[in-house]
Amino acid sequence: MARRETEPPEQETLRRWEREQAQLKANVIEEDTEEWQKDSTFAGLERVGGVDLSYVKGNDTVACASLVVLSYPELEVLYEDCQMVTVSAPYLAGYLAFREVPFLVEAAQRLQEREPGLRPQVLLVDGNGVLHHRAGFGVACHLGVLTGLPCIGVAKNLLQVDGLAKDEQHKGQIRDLQMGGDVFPLRGTSGRVLGMALRSYNKSTKPIYVSVGHRTCLESAVRLVQSCCRYRIPEPIRQVRRQGQLGGEDPSLSWETWPVREGVTGICE
DNA sequence: GCGACAG
DNA sequence: ATCTTGTCGC
């Protein structure tokens, strides 16, 4: 019988993870490093990626690790990959990367082997970048440093760190977002702007929370995310989540048949 | 004991 | 994250 629940981490494991975050943090680049980022229309940007893990209902350990690459600015799917995996680390706020990043790195490596020409020029990651506890090193930074790719963190909920809270002031700022593209900065008690709340399109009242992962500044990160939004969730993440949920539900994919799943893994024409 | 809690 | 019905607005 397959394991259905992850083990809670030992204190020692947490300390090790914190040391690892602090060490990798030194490699984060919170500035634009690509030519296309400097252009107001992102001229030269052709491929935007999205990564995600979606979980199978009722099981803490089985997940579908997915990666998609979309064309830019058309936002059409060029590549999609979905791989069933067994997760061992539990979900703990602040340590999400240790649960998900290993499988996302593998997905990026598969892409590099299969279709190096489709390597995304920037990756949107479900979760936060520098908007994070302690070291300020969320999953988007972690994945960025390990892959070397520019990464942007996109969270659907506010991670309440450094004094940030869903208080009345925050709710008022949300009410003041009038239309798609409106933003307000997320300034922590430390005075530092950790990210931006973005009303990603006109119909959605609830913002998304954008933060720097790697090789981008916050301004171009927000601008890029907004340019990828047809709905509240930016298209690369929306597409990769759809892909992952299909993988998790696919009845042809029994416990015995993975890790291979034909018809889902591979290049889309 | 109470609140917080990305995915 | 995932479980789930109806409901409100355009």
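Order of the sequence lines fixes the chain letters, A, B, ..., with proteins taken first and strands second; residue numbering starts at 1 for each chain.
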Discussion item. Applying the side-chain hydrogen bond (donor to acceptor under 3.5 Å, both in side chains) criterion to A/Tyr95, which one of A/His133, A/Glu18, A/Gln21 satisfies it?
Written reply: A/Glu18
Discussion item. At less than 4.0 Å, is any side-chain N or O atom of A/Gln245 found next to OP1 or OP2 of C/dA1? Yes or no.
Written reply: no
Discussion item. Please classify the nucleic acid contact of A/Asp52 as base, sugar-phosphate, or nothing, using heavy-atom distances under 4.0 Å.
Written reply: sugar-phosphate
Practice prompt. Identify whether any heavy atom of A/Phe98 sits under 4.0 Å from a base atom; if not, whether one sits that close to sugar-phosphate; answer base, sugar-phosphate or nothing.
Written response: nothing
Practice prompt. Under 4.0 Å between any heavy atoms, over every strand shown, what does A/Val139 touch: base, sugar-phosphate, or nothing? Just pick one.
Written response: base
Practice prompt. Have a look at A/Asp126 and say if it touches a base, only the backbone sugar-phosphate, or nothing, with a 4.0 Å heavy-atom cut-off.
Written response: sugar-phosphate
Practice prompt. Would you mind reading off the distance between A/Asn202 atom CG and C/dC10 atom P, rounded to a whole angstrom?
Written response: 13 Å
Worksheet item: So does A/Arg241 get a side-chain nitrogen or oxygen closer than 4.0 Å to the phosphate oxygens (OP1/OP2) of B/dG7?
Response: no
Worksheet entry | Residues A/Arg110 and A/Glu113 bridged, charged N to O under 4.0 Å | no
Discussion item. Counting only side-chain nitrogens and oxygens, does A/Lys156 get under 4.0 Å of the OP1 or OP2 atom of C/dA1?
Written reply: yes
Practice prompt. Take A/Lys156 and A/Arg232, measure what side chain to side chain contact (heavy atoms under 4.5 Å, CB included) needs, and give me the verdict at the end.
Written response: CA-CA 9 Å; A/Lys156 297 180 285 295; A/Arg232 184 170 87 105; 3.7 Å; yes
Worksheet item: Which class fits the ring pair A/Tyr72 and A/Phe42: parallel under 30°, tilted 30 to 60°, perpendicular over 60°?
Response: perpendicular
Worksheet item: Does B/dG7 have OP1 or OP2 sitting under 4.0 Å from an N or O in the side chain of A/Tyr55?
Response: no
Worksheet entry | Sugar-phosphate only, base, or nothing, as touched by A/Gly94 at under 4.0 Å among non-hydrogen atoms | base
